[in-house]
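Notes follow the structure.
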Amino acid sequence: MTELLFNKRLQVLVKNRDTDERRSVIRISIELQASSNPVHRKDLVVRLTDDSDFYFLYNLVISEEDFQSLKVQQGLLIDFTSFPQKFIDLLEQCISEQDKGNPRFLLQLTSASSAFDRSPSDLNIVETNAFKHLTHLSLKLLPGSDTDIKKYLATCLSTVKEEKQQLEQKLRKTEEDLTRQLNYAQQTLSEKSRELDKLRSEWTSQTTSLSSRHMQDFTAEREKALEIQARLQQQNEQLRQELESSHHRSTQQLQTKASELETANRELIDKKYKSDSTIRDLKAKLASLEEECQRSKQQVLSLRRENSTLDTECHEKERLVNQLQMRVAVFEQEIKDKEQLVLRTKEVLEATQQQKNSVEGNVESKQVQITKLEATVKSLSEELIKANGIIKKLQGDLKALMGKIKVKNTVTVSQEKILQETTEKLQRGQRELQDTQQQLRQKEEEVMKLKEQFEATVQKLDESREVLKTNENVITWLNKQLNENQLSRKQETLGMFETPAAGLRTGSVPHNMVIHLSLKVQFNPMSAKPSAADLSPTALSQPSNKENGEPVGLDSKYFERRDDSIPLRGLLPSMHLNRAGAKPTASVASAYFPG
């Protein structure tokens with residue numbers, strides 16, 4: 001059973017060893033032969049022939065076994081069932097590209113001998129690109145022997161005879177069909193000729209009758225057209241006369257209207273001149289009135305300014321009187337507050353020294369703990385090394401036992417028990433190793449935490465030492481200020497009561513300054529350093545508000561003793577003079593109590 005898959009003529013580039021390349025048209029046929037006797041198999045037959053040369057015959061039979069070797073040799077990626085269709089697709093590509101000047105896909109038939117005699121030839125399907133000539137498929141075709149050529153010629157002759165018989169049958173059928181069609185056409189032609197004669201006679205009679213009718217109609221229409229033309233001429237003349245009379249009347253009416261409009265225009269021009277003169281007079285009056293209005297507005301503004309200045313002077317004088325009355329009470333209260341402040345600062349110094357001693361004791365205890373932890377870490381590392389050695393020994397014992405088990409075919413119950421014991425020991429050793437590793441990690445984390453705590457305590461100790469120094473400096477400065485204030489208080493009070501009016505007029509500042517002391521204490525258990533906002537110039541130079549009745553100095557809640565507290569962080573003295581209404585002020589910097 002053979003199945004024809006492809007049978008077409010293609011242009012092939014023929015190459016010999018000694019001759020030049022030439023293009024020739026070769027027929028390629030692909031058949032699939034299936035045989036089931038004795039074994040079911042399929043063969044692919046490729047045949048090359050030339051219609052002009054009957055002795056040109058090349059055959060190739062590819063079985064499934066041959067295809068496997070071809071697939072391995074040329075690196076094909078398809079199987080035998082899909083190979084025929086892919087081969088036909090490549091041939092179709094060659095057919096579509098063969099009419100181009102530079103075809104992309106090309107068929108080549110090459111032979112190693114000088115002529116295509118009895119030597120095998122290669123049929124190559126080549127794709128040309130910018131880099132190289134890529135051969136997709138190469139098939140080795142064998143030339144047909146005499147018996148093959150005879151068989152091929154016999155098959156060609158049988159096919160030609162079959163085609164001849166088919167053509168003869170078609171010719172007979174066409175002759176019969178044509179004779180039938182000719183007889184039918186002759187009959188229809190005779191019938192149509194008779195009908196044509198009848199139609200010609202009818203047409204001649206109708207044309208004569210129609211021509212006579214048309215002549216009569218034409219003469220009647222001509223007479224009607226002449227009558228209509230005469231009537232239209234008369235109507236035209238009447239319309240022309242009527243239009244001329246109406247045009248004459250309209251021109252006369254327009255002339256009268258133009259004369260009336262000229263007179264009206266002259267009257268309007270006179271009125272315009274009169275109105276322009278009145279507008280000029282009114283503009284002059286309006287300018288004079290605007291000048292008077294501006295003068296009156298300026299006078300009103302000057303009066304308002306004088307009134308506001310007088311009001312401000314009155315309020316300032318009243319405010320100065322109230323300030324002077326308040327100062328006397330403020331100065332007396334400040335002296336009492338400063339005496340209390342000195343006592344409180346002494347108590348704070350004592351608390352800071354106690355906390356310093358406790359911090360030093362904590363540092364020593366922490367160092368002792370660190371040494372103990374280092375010793376425990378060393379002991380744990382030694383235990384780990386010993387555990388690793390035990391595990392290695394157990395692994396060696398286990399390997400030895402496994403070797404004995406492989407050599408011996410029979411294993412007693414006692415050996416199985418020993419093996420179980422060794423595996424249990426190994427598992428125990430691994431568990432102990434994991435536990436010791438976890439303990440080591442925990443100890444390392446504890447060591448790291450203790451080191452961080454130690455560093456933090458050292459930093460706090462340094463900071464507390466700096467704070468103690470600053471506190472001592474502040475205490476000395478406060479003692480000096482208190483001594484100076486006690487000496488100058490009486491002189492300043494006397495000078496203020498004796499010359500209040502002179503101070504109001506000149507705004508001079510007295511030589512002896514009253515110092516307003518504000519000590520701000522802040523507890524911050526989380527931070528180890530003062531914030532930038534607390535050390536800002538506004539915080540350092542903010543005076544106490546004695547005029548509003550607020551107390552100066554520290555509240556009692558800031559001096560309560562706490563177990564987790566750290567000593568006084570810092571007292572930074574600074575002087576600040578605020579000259580507002582001849583009132584000198586001095587402020588001490590904020591002091592921080594973290595913890």
Side-chain angles (χ1 to χ4, degrees), residues 1-12 22-32 47-57 84-85 88-89 91-101 103 105 107 149-236:
M1 180 181 176
T2 60
E3 181 184 359
L4 184 63
L5 301 176
F6 184 81
N7 188 8
K8 288 183 181 180
R9 298 178 67 193
L10 287 87
Q11 283 189 3
V12 180
R22 61 185 176 85
R23 288 181 179 272
S24 63
V25 179
I26 294 173
R27 183 179 293 277
I28 298 174
S29 63
I30 300 171
E31 296 176 355
L32 187 64
R47 184 180 293 113
L48 270 68
T49 58
D50 191 357
D51 294 343
S52 61
D53 186 5
F54 290 102
Y55 293 101
F56 183 84
L57 177 64
Q85 186 60 42
I88 291 167
D89 293 337
L91 294 175
E92 293 290 344
Q93 290 281 347
C94 295
I95 291 169
S96 62
E97 297 281 337
Q98 66 184 2
D99 295 330
K100 296 180 181 179
F105 286 90
L107 269 174
I149 292 169
K150 288 177 183 178
K151 286 180 182 178
Y152 170 66
L153 291 174
T155 53
C156 289
L157 185 60
S158 64
T159 53
V160 167
K161 284 181 179 180
E162 289 176 357
E163 289 176 357
K164 181 185 175 185
Q165 288 176 0
Q166 291 174 359
L167 289 171
E168 284 177 352
Q169 290 176 359
K170 287 180 182 179
L171 183 61
R172 289 194 198 99
K173 288 180 181 179
T174 52
E175 283 179 355
E176 291 175 356
D177 293 334
L178 288 171
T179 53
R180 279 195 227 97
Q181 290 176 2
L182 181 62
N183 293 325
Y184 180 72
Q186 286 175 358
Q187 289 176 2
T188 53
L189 181 63
S190 63
E191 290 175 356
K192 296 292 181 184
S193 62
R194 290 192 204 100
E195 290 176 357
L196 182 63
D197 292 336
K198 289 179 183 180
L199 291 170
R200 278 179 182 173
S201 63
E202 290 175 357
W203 181 71
T204 53
S205 63
Q206 287 177 359
T207 50
T208 54
S209 63
L210 288 170
S211 61
S212 63
R213 285 178 188 174
H214 283 305
M215 287 297 290
Q216 291 175 1
D217 294 335
F218 180 69
T219 54
E221 291 292 331
R222 184 181 287 175
E223 290 174 355
K224 288 179 182 178
L226 291 170
E227 289 176 357
I228 292 165
Q229 186 177 3
R231 198 183 303 136
L232 289 171
Q233 285 178 356
Q234 289 175 1
Q235 289 176 0
N236 255 340

Check: Taking all non-hydrogen atoms of both residues, which atom of L91 and which atom of I30 are closest, and how far apart?
Finding: CD1-CD1, 3.7 Å
Notebook entry, point to check: Could you give the distance from CZ (F56) to CD1 (I149), rounded to the nearest 0.5 Å?
Noted result: 11.0 Å
Next item on the list: Give, for atom CD of E163 and atom NZ of K170, the distance between the pair rounded to the nearest 0.5 Å.
Entry: 9.5 Å
Notebook entry, point to check: What pair of heavy atoms forms the shortest contact from P103 to E97, and how long is it?
Noted result: CB-O, 3.0 Å
Next item on the list: Of all the heavy-atom pairs spanning S201 and T204, show the shortest one and how long it is.
Entry: O-OG1, 2.6 Å
Note to self: For a 4.5 angstrom cut-off between non-hydrogen side-chain atoms, does S212 reach M215?
What the structure shows: no
Check: How many angstroms lie between CG in L189 and CD in Q187, if you round to the nearest 0.5 Å?
Finding: 11.0 Å
Next item on the list: Please test Q85 against D89 for side-chain hydrogen bond (donor to acceptor under 3.5 Å, both in side chains), starting from the C-alpha separation and ending with a verdict.
Entry: CA-CA 6 Å; Q85 186 60 42; D89 293 337; 3.2 Å; yes
Item checked: Reference residue S29; test side-chain contact (heavy atoms from CB on, under 4.5 Å); the match among T49, N7, L48 -> N7
Check: Any side-chain heavy atom of E92 sitting closer than 4.5 Å to one from K8?
Finding: yes
Check: Are the side chain of Q93 and the backbone N or O of F105 linked by a donor-acceptor pair below 3.5 Å?
Finding: no
Item checked: Heavy-atom pair with the smallest gap, counting every atom of Q11 and Q98 -> N-OE1, 3.1 Å
Next item on the list: Would you give the length of the straight line joining atom SG of C156 to atom CG of D51, rounded to the nearest 0.5 angstrom?
Entry: 8.5 Å
Check: To the nearest 0.5 Å, how far apart are CD in Q235 and CD in Q233?
Finding: 11.0 Å
Notebook entry, point to check: Hey, what do you get for OG1 (T174) to CD (Q181), rounding to the nearest 0.5 Å?
Noted result: 10.0 Å
Note to self: Quick one, I28 and L107 - any side-chain contact, counting heavy atoms below 4.5 Å?
What the structure shows: yes
Next item on the list: Could you pull out the closest heavy-atom pair between R180 and D177, with the gap in Å?
Entry: NH1-OD1, 2.8 Å
Checklist line | Side chain proximity check, T219 to R222, heavy atoms < 4.5 angstrom | finding: no
Checklist line | SB check D197 R194 (cutoff 4.0 Å) | finding: no
